[in-house]
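Please read these numbers as outputs of a predicted model, since none were measured by experiment.
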Amino acid sequence: MKAKKSYGQHFLTSDAISERIAKSLLKTESYKGKVIEVGPGKGMLTKQLLACGYDLLCVEADRDMVAFLNEHYPKTLKDRILSADFMKVKLEEHIGESQFAIIGNYPYNISSQIIFKAIDYREQVVELVGMFQKEMAARVVAPHGSKTYGVISVLTQAYFDCKYLFTVHKGSFNPPPKVESAVIRLTRRDSLDLGCDAKLFKTIVKLSFGQRRKMLRNTMRSLVGMNEELFENPIFNERPEQLSVQQFKDLTNLIAPHRLGIQLIEPEDEDI
C-alpha cells in the first residue's frame with residue numbers, strides 16, 4: 001500500500017513510538033476506554049490501542065486503507081471501522097452522549113481542524129493525543145509572550161491543559177515527511193465555564209490575532225467603536241500575544257457591556 005499525497009499519508013514504522021503514543025492516554029476511567037482513532041492507515045497505532053483494550057472506533061477516509069484494515073484485522077476490528085471523512089462525521093451518531101478520547105497520527109493538512117472539532121465536542125472529549133507537525137504542536141502548547149502563540153493556542157488552552165510529550169523524527173515514517181513531528185496531549189479542564197460569553201471570546205481572540213502587530217485598542221474598535229473611556233484600561237495598549245488566556249477572558253468581560261449592536265459573524269476555524 002503506497003501513501004497517497006491527497007490524504008497527507010506518512011505511515012509510522014516504529015512499534016515503539018506507536019506503543020508510546022497509545023499509552024499516552026491517561027484518563028481512561030472517565031470515558032471507560034471509548035477511543036476514536038482518526039486516520040488509522042495501515043493500523044500501526046491501531047494494534048497498540050487494541051492491545052491496551054480500548055473500546056475503539058477507527059475513522060478512515062481512504063477506502064483502500066479501510067479494505068487493508070478489514071483484511072488484516074478481520075476479527076478485532078469487525079464493526080469498528082467507519083469509512084468516512086472525520087471532519088464530516090457527526091460523532092454523536094456513533095458515540096451518542098458518551099465521553100471519549102481522540103487519538104491518531106493526524107494528517108498534517110487537517111490537524112488544526114481536528115483540534116477545533118475537539119473543542120466543539122469539548123463536553124464529551126476528555127482527552128486528545130496525537131502526532132502533529134512539530135510547528136503545529138508548538139503553537140498549540142505555546143505560552144503567552146511566545147512568537148508562536150496565536151488563535152489555536154488560546155482557544156485550545158481555554159478548555160484543555162496542553163502538554164508537549166515528545167518529538168518524532170522524519171526517519172520514523174515511510175515515506176519520510178519533509179518536517180519533524182511531535183506528539184502532544186490535551187486534557188480537558190475540570191470546568192468548561194469560561195466565565196464570559198464564549199462566542200464573543202472566540203471572536204475577540206480571532207480579531208486580535210488577525211492583526212497581531214496592532215494594539216488591542218485598534219483591533220477592538222470594530223466591536224466597541226471609538227470608546228476612549230473604555231480604552232483607558234491599560235489592557236488595550238497590549239498586543240494579542242502578550243495576553244494570557246485569563247486576560248482574554250477579562251478582555252471579553254470588559255468589552256461585553258460596550259459591544260455595538262452588530263451581529264457577531266463566526267470566523268472560519270483557521271489557525272492565524
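In terms of hydrophobic clustering, with Ile, Leu, Val, Met, Phe, Trp and Tyr side chains grouped at heavy-atom distances under 4.5 Å, I102 and L192 are assigned to a common cluster. Following chains of ILVMFWY side-chain contacts shorter than 4.5 Å, one can reach L57 starting from M87, so the two form part of one hydrophobic cluster. Under the 4.5 Å side-chain contact rule for hydrophobic residues, F248 and M215 do not share a cluster.
In this structure, K27 fails the cation-pi test against F160, since its NZ or CZ atom is not both closer than 6.0 Å to the six-membered ring centre and inside 45 degrees of the ring normal. Seen from the ring of Y159, R122 counts as a face-on cation partner, given the 6.0 Å and 45° thresholds. Cation-pi geometry between R20 and F166 is met: the NZ or CZ atom falls under 6.0 Å from the ring centre, inside 45° of the normal. Cation-pi contact between K47 and Y73: absent, since separation from the ring centre below 6.0 Å together with deviation from the ring axis within 45° is not met.
With respect to E135 and R139, no salt bridge is recorded, no charged nitrogen being found less than 4.0 Å from a carboxylate O. Salt bridge absent: D55 and K32 never bring a charged side-chain N and a carboxylate O closer than 4.0 Å.
Side-chain contact of Y31 with E127: a donor-acceptor pair under 3.5 Å is present, judged by distance alone.
Proximity of P40 to L69: side-chain heavy atoms (C-beta onward) are separated by under 4.5 Å at one or more points.
Among D85, I81, V89, the one residue that satisfies the side-chain contact (heavy atoms from CB on, under 4.5 Å) test with V59 is V89.
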